[in-house]
Amino acid sequence: MTPSAVPPEQPVKVPAGTLTTTFDDTLRFYLNGTRVVLDDIDPEVTLLEYLRDIGLTGTKLGCSEGGCGACTVVVSQYNPTTKRIYHASVNACLAPLASIDGKHVITVEGIGNVQRPHPAQERVAKGNGSQCGFCTPGIVMSLYALLRNNEAPTEHDIEEAFDGNLCRCTGYRPILDAAQTFSVRKGTGMANGCGNAKANGGSGCCMENGNGGGCCKDGRVDGVDDQPIKRFTPPGFIEYKPDTELIFPPALKKHVFKPLAFGNKCKKWFRPVTLDQLLEIKSEYPDAKIIGGSTETQIEIKFKALQYPVSVFVGDIPELRQYFLNEDHLEIGGNITLTDLEGVCQEALKHYGEARGQIFSAIYKQLKYFAGRQIRNVGTPAGNLVTASPISDLNPVFMAADAVVVAKTLGKDIEIPMAEFFKGYRRTALPAEAVLASIRIPLTQERNEFFRAYKQAKRKDDDIAIVTSALKVQLSDDGVVEEANLVYGGMAPTTVAAKRANSYLIGRKFAELETLEGAMNALGQDFDLQFSVPGGMASYRKSLALGFFYRFYHEVMQSLGGNADTEAVPELERDISTGKEDHTAAAAYMQETVGKSNPHVAALKQVTGEAQYTDDIPPLKNELYGCLVLSTKAHAKLKSVDFTPALDIPGVVDYVDKNDMPSARANRWGAPHFQETFFAEDEVYTAGQPIGLILATSAARAAEGARAVKIEYEELPAIFTIEEAIEKESFFEFFKEIKKGNTEEAFKNCDHVFTGIARMGGQEHFYLETNASVVIPKPEDGEMEIWSSTQNPNEAQAYAAQVCNVQNNKILVRVKRLGGGFGGKESRSIQLSSILALAAKKTRRPVRCMLTREEDMVTSGQRHPFLGRWKVGVNKDGKIQALDLDVFNNAGWTWDLSAAVCERAMTHSDGCYMIPNVHVRGRICKTNTVSNTAFRGFGGPQGMFIAETYMSEVADRLGIPVEKFREINMYKPEELTHFNQPLTDWHVPLMYKQVQEEADYANRREAIAKFNAEHKWRKRGLALIPTKFGISFTALWFNQAGALVHIYHDGSVLVAHGGTEMGQGLHTKMTMIAAQALNIPMEDVYISETATNTVANASATAASASSDLNGYAIYNACAQLNERLAPYRAKLGPSATLKELAHAAYFDRVNLSAQGFYKTPDIGYTWGENKGKMFFYFTQGVTAAEVEIDTLTGSWTCLRADVKMDVGQSINPAIDYGQIQGAFVQGMGLFTMEESLWLRNGPLKGNLFTRGPGAYKIPSFRDIPQVWNVSLLKDVEWKDLRTIQRSRGVGEPPLFMGSAVFFAIRDALKAARAQYGVEAKVGVDGKGEAGDGLLRLESPATPERIRLACVDPIVEKARVKAKEGEMSFFVAI
């Protein structure tokens, strides 16, 4: 894809220079204990690219920007700052090869394998901490790095170790549980071993509350511990012995770091080892790019196409990594790593004391949430300063502290005060030939000086700031402000001091209330943001600027012992997270294999890096790499496309577009309308629409070629939001309705009629493995083999055949596994594999492409945003009588699966509530965004969100608790839904009661009311949310499956079925079903892959129905085999092995292969008539969630969640718990955090802004509930459930359970508003007007929305009104 910056016309040549230093050109390092010497080095290759090129594919590429942790490796080195060996977890996708000379690189393959796994690998695998497995090697290596550096980590150390890693599948809980088996409760202090101890960063151990007697978690008696540290090894696991780890190679201890230089005519790397060498290089090449951690530079190269002909790696210059504790200041080398800076700050605090070391406390606090550990291990303060980011976490601290930057050139030293350092957006006062050598940080005074730092981001861990600040005041003995320096990031194009507020404060008595009021007013003038301010969020950012000062003011007043609003001072902190699962749930129906909690069959392969994904397939001879040429306009005519400049680039081989299609019809796809094109024809309808494909000999050359294609556009008007589409009547030709009863008559007879709007945004799938495909053309008959990361091999086969103009039987599509799918690879994966098939046909060469994260996000579509306009009739007794609902979804630019998604939303818009009169209508909006598609839940969560929104808002208008309102209206067994399906095996009312009892809901509700009455800036909320999710494809013909089962001579069994493994444990469950059916151990059953030549015409792996469909097909095949083997069982006896049976049957010429088939019975719904069975059954659940919000910032944390699901008789409870936990966190992300934004103006107008982990935030390890209990319904009878083993589908249904967090936030916000007298007026329908006091909260409930829903004086003062015609910077779809 073409990055946003335009590259130079010609490759930049390295300027000639003359240097006196003698440079070596050979890299020497160790890799997994083996010495490596390289003297032919590609200067543009990263460590990740090198590792994968030599076959170490366990290290994965997830994002290319250091934001997901999938590429984590360990680099061991002698640290010149600490004078110790340090094992640094680093992002291999960012690390330049020049950075590893003289170091030991350890990858996931180097620490263990399936036969002999490392204890970290084994525990994550057996602890069910790996689902799709793509993120797992990076997570394992982060844990490994922690253990290498800290043999006895605390619980808190364990949780912190993963702050640079993301996982989309597991919900994190099982990973943390596995990792916590390595934690050691150590120390002799009262609570040192407890992760909740304040000393360990927690909120307070139970024993710190004055109860005495020692910590409840450290197993000591009366606080006495005479035992040595004892490391716990779970039963059946490998013991962890630190002394058996890979040693740091002795040869590296003697390694002499020589100055290095290597490169080619376009790019040259230098690696000086002394400051003088660096200054000489900089003198000769003043424009040379100085590289410390490469955390920013690599992003500039990858995503902005910036070129740096000369780069200088400075990480191995000891002089730049020193620090000095001087009498009146701390001096730190500019290139000290941020991890080392954490340690230096702690040492400085001990050395200078807390009063004089307040700045170091502030730096340490900011670093705690500065990116992830992998970034902190290589990032540097010099890099942070020179990058001059306006939202830097550290720069405000340096500026507020009046630090001095010491720069050096070959001839002189330059001192630059921080107040003069930033000259404009991304510009500094550092001379071109200078190097930032060190930073002098002064101390605070012993008395009367106060310094604090604050940060607010979308997510607590590993996130860039929205607003960051460092605030300093110095008072006289009588409390008059002598000096003030309030510095903010995120409020201007640079880090900036609040000049008016600083000036106002000086000379005023700090403790007087008018000083606070006046300073707040001055801050409002300093940061008088426009509604359309770049970066958006004008009101929120302004409220944060004011809120930070308010917090700071009262923290100072608290320190002075004055009149302080003490509640405003503490920030929201998390406890160590814990969780429970009910491991007895399946006891009543457990069999020899089925019903047992077996780990994922590929888990050990995944944790050791041996599991192969599509892009791990070794390169083939003559292979070409593809890069898509994508539209950069949301809607435009294509005036011209000139690809000839690309063909002039060495390595670029060919260009493919619509003209290479065998016919105009072949370019169209997307049944049943075939409206979408593989390649744009005369017009583009979205930014990110494929125009062509560049083929080259490497991925880098292909990307360079794609950037060189010149496209002329004539821009046309574009539509983005549902509201715009409704206004302009931009719809697809689709209208469906469900009618039950007579709503018009019912409304006439209701006591109350209320109206409202429910609105929720979309969601990016963010599977860790982006879409990838390898296509191999065969020499005969147009035959072709396609490896694809698709959920839909059948459709991949059909469209590849179409674009290649051959029959389906010539195309073989194979899928080993997916690194996550969630629906995003059901239809959208077809685009890439079909385009590559056409390219392979044209060139007759293998073609490979793995999309970058950016490309994937702009081409693959998202969850559909929805809008529901509802009208509810209800009586005084709380019984709903009628619902009238218009549902709109934002399809994007093509149909894709939007019709089916809309239909499912309509069928789920009743929630779990019996409404006798219903009229629901569905429409699909046509816009110029990405083509939205299937996503876990497929419209179900959107429909249920609309339902719970009207339930919440109507309950508020009736003045009754929403929990009671839900209970009054909840379906009873056998009652008919609005689409006339009776609810059999209906257990939601039972679970609603059980969850309230198990979660102590009533007492906690009372405790929350008391807490909210006593706290001004903290509010807690509680919600109890039920779900029912219909299982079946709504398209009847998809509800079928096939399977093929072979029994071999040795008694081993090979199973093939139509489902793909994408982390959901489908192959594990299918293996268990086959093993149970054939009465053999699981180890004797193997599923190799999913392929179109073993099971034809398979449905997509979707709709949570794959276990039902494929499981029964396998069972059917095994039943046939058992019937054929029955005579031999009778003859050989019950103890005969399958090997003996197979031998006997083979010699009697009995067929030992069977094809199974299954189709779901009794289903088929007719739209319009509102007749027939829509779903085979409903998976059900209930969740209680409790949150606490900081109303001063909008931050929140989930204190507790109790999730109970009815999954029938579980085939594998461990797999099901994993699905529940993963879906819950994904749902929590959907409803609270994940927000897709488009740019409204500028050169990239109409482009997706949130196109990677830097801007798009999914939940991380420390976003999960602090206490998280998950259980399966048991001790009930499933009379009507006729599925395989009487199990229920579990992939999608739990996702809506995450909305309980959203509704708990809403509950907390109601308390915050009520504090200022703003409450819903009972019995009044406000018709959408804000004055009625009703809280209307859109999803996702981001910190911005939470803060702006408050009504306290600070946020009211901060509200920014739009001028006439003024629009926000971003478009929220």
Between [Y] and [X], is there a salt bridge with N-O shorter than 4.0 Å?
| X | Y | value |
| --- | --- | --- |
| Asp615 | Arg848 | yes |
| Arg1251 | Asp856 | no |
| Asp616 | Lys60 | yes |

Minimum heavy-atom distance between [X] and [Y], given as atom pair plus value:
| X | Y | answer |
| --- | --- | --- |
| Phe1370 | Gly535 | CE1-O, 3.2 Å |
| Gly626 | Cys849 | O-SG, 3.3 Å |
| Gly1291 | Ala1223 | O-CB, 4.0 Å |
| Thr1101 | Leu1066 | CG2-CD2, 4.2 Å |
| Thr859 | Gly688 | CG2-O, 3.3 Å |
| Ala70 | Leu768 | CB-CD1, 4.4 Å |

Taking [X] for the side chain and [Y] for the main chain, is one N or O donor matched with an acceptor at less than 3.5 Å?
| X | Y | value |
| --- | --- | --- |
| Ser392 | Asn384 | no |
| Glu764 | Phe766 | yes |
| Gln1221 | Arg173 | no |
| Lys825 | Gly820 | yes |
| Asn932 | Gln862 | yes |
| Thr1068 | Val601 | yes |
| Gln1064 | Thr1060 | yes |
| Gln121 | Val607 | yes |
| Gln180 | Glu155 | yes |
| Asp463 | Arg459 | yes |

Heavy atoms, side chains only, cut-off 4.5 Å: are [X] and [Y] in contact?
| X | Y | answer |
| --- | --- | --- |
| Phe182 | Leu143 | yes |
| Ser829 | Gln791 | no |
| Tyr369 | Arg1262 | yes |
| Asn128 | Tyr1217 | no |
| Asn792 | Ser827 | no |
| Pro137 | Thr72 | no |
| Leu31 | Leu56 | yes |
| Lys460 | Ser1195 | no |

- Task: Determine the sole option in Phe822, Phe935, Tyr1256 for which the ring pair (Phe, Tyr, Trp, His ring centres under 6.0 Å) test with His765 is passed.
- Result: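 For His765, the ring pair (Phe, Tyr, Trp, His ring centres under 6.0 Å) test succeeds with only one of Phe822, Phe935, Tyr1256, which is Phe935.
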
Would you list the atom pairs, donor with acceptor, under 3.5 Å between side chains in residues 86-98 and any protein atom, with sequence neighbours excluded?
{"residue": "Tyr86", "atom": "OH", "partner": "Asn377", "partner atom": "OD1", "Å": "2.8"}
{"residue": "His87", "atom": "ND1", "partner": "Ser76", "partner atom": "OG", "Å": "2.6"}
{"residue": "Ser89", "atom": "OG", "partner": "Asn377", "partner atom": "ND2", "Å": "3.1"}

- Message: Checking side chain to side chain contact (heavy atoms under 4.5 Å, CB included) between Leu338 and each of Leu367, Asp393, Thr295, which is the one that passes?
- Response: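 Exactly one option meets the side chain to side chain contact (heavy atoms under 4.5 Å, CB included) with Leu338, and it is Leu367.
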
- Message: Would Glu109 and Thr107 count as a side chain to side chain donor-acceptor pair (under 3.5 Å) here? Give the steps.
- Response: CA-CA 5 Å; Glu109 295 95 340; Thr107 71; 2.7 Å; yes

- Item | Chi angles and distances behind the side chain to side chain donor-acceptor pair (under 3.5 Å) call for Thr339, Arg373 | CA-CA 8 Å; Thr339 290; Arg373 176 59 63 196; 2.9 Å; yes

Would you give the length of the straight line joining atom [atom1] of [X] to atom [atom2] of [Y], rounded to the nearest 0.5 angstrom?
| X | Y | atom1 | atom2 | value |
| --- | --- | --- | --- | --- |
| Asn1247 | Thr632 | CG | OG1 | 6.5 Å |
| Thr1250 | Met857 | OG1 | CE | 5.5 Å |
| Leu1230 | Ile1258 | CG | CD1 | 13.0 Å |
| Gln763 | Arg863 | CD | CZ | 4.5 Å |
| Glu1344 | Ile466 | CD | CD1 | 7.5 Å |
| Met537 | Gln456 | CE | CD | 10.0 Å |

- Message: Using the ring pair (Phe, Tyr, Trp, His ring centres under 6.0 Å) criterion, which residues pair with Tyr308? Sequence neighbours excluded.
- Response: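 Tyr308 satisfies ring pair (Phe, Tyr, Trp, His ring centres under 6.0 Å) with no other residue.
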
- Message: Between Ile106 and Arg148, is the side chain to side chain contact (heavy atoms under 4.5 Å, CB included) condition met? List the steps.
- Response: CA-CA 11 Å; Ile106 305 172; Arg148 291 303 306 268; 4.1 Å; yes

- Message: Ile1264 vs Arg574, test: side chain to side chain contact (heavy atoms under 4.5 Å, CB included). Steps then yes/no.
- Response: CA-CA 10 Å; Ile1264 66 173; Arg574 280 176 62 86; 4.0 Å; yes

- Check Lys368, Lys365, Arg376 against Glu342 for a salt bridge (Lys or Arg N to Asp or Glu O under 4.0 Å) and give me the one that passes.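 Testing each of Lys368, Lys365, Arg376 against Glu342, the sole residue satisfying salt bridge (Lys or Arg N to Asp or Glu O under 4.0 Å) is Arg376.
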
- Message: Is the ring pair Phe162/Phe1261 parallel, tilted or perpendicular, if the boundaries are 30 and 60 degrees?
- Response: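 Rings of Phe162 and Phe1261: parallel, under 30°.
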
- Query: Does any donor atom in the side chain of Glu855 or Thr770 lie under 3.5 Å from an acceptor atom in the other side chain?
  - Reply: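 Not at all, the side chains of Glu855 and Thr770 share no donor-acceptor pair under 3.5 Å.
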
- Determine whether the side chains of Ser130 and Gln606 contain a donor N or O and an acceptor N or O closer than 3.5 Å.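 Result is yes, a qualifying pair exists.
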
- Message: By the salt bridge (Lys or Arg N to Asp or Glu O under 4.0 Å) test, which pairs, at least two apart or in different chains, include something from residues 1223-1237?
- Response: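 Checked against salt bridge (Lys or Arg N to Asp or Glu O under 4.0 Å) - neighbours excluded - the pairs reaching residues 1223-1237 are Arg168-Glu1234, Glu1235-Arg1345.
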
- So among Glu1061, His1067, Gln131, which one has a side chain to side chain donor-acceptor pair (under 3.5 Å) with His600?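 Of the listed options, the one satisfying the test is Glu1061.
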
- Item | Evaluation steps, side chain to side chain contact (heavy atoms under 4.5 Å, CB included), between Cys132 and Met1062 | CA-CA 5 Å; Cys132 87; Met1062 50 189 166; 5.7 Å; no

- Message: Apply side chain to side chain contact (heavy atoms under 4.5 Å, CB included) to residues Glu826 and Thr933 and explain how you reach the verdict.
- Response: CA-CA 8 Å; Glu826 181 178 345; Thr933 189; 5.8 Å; no

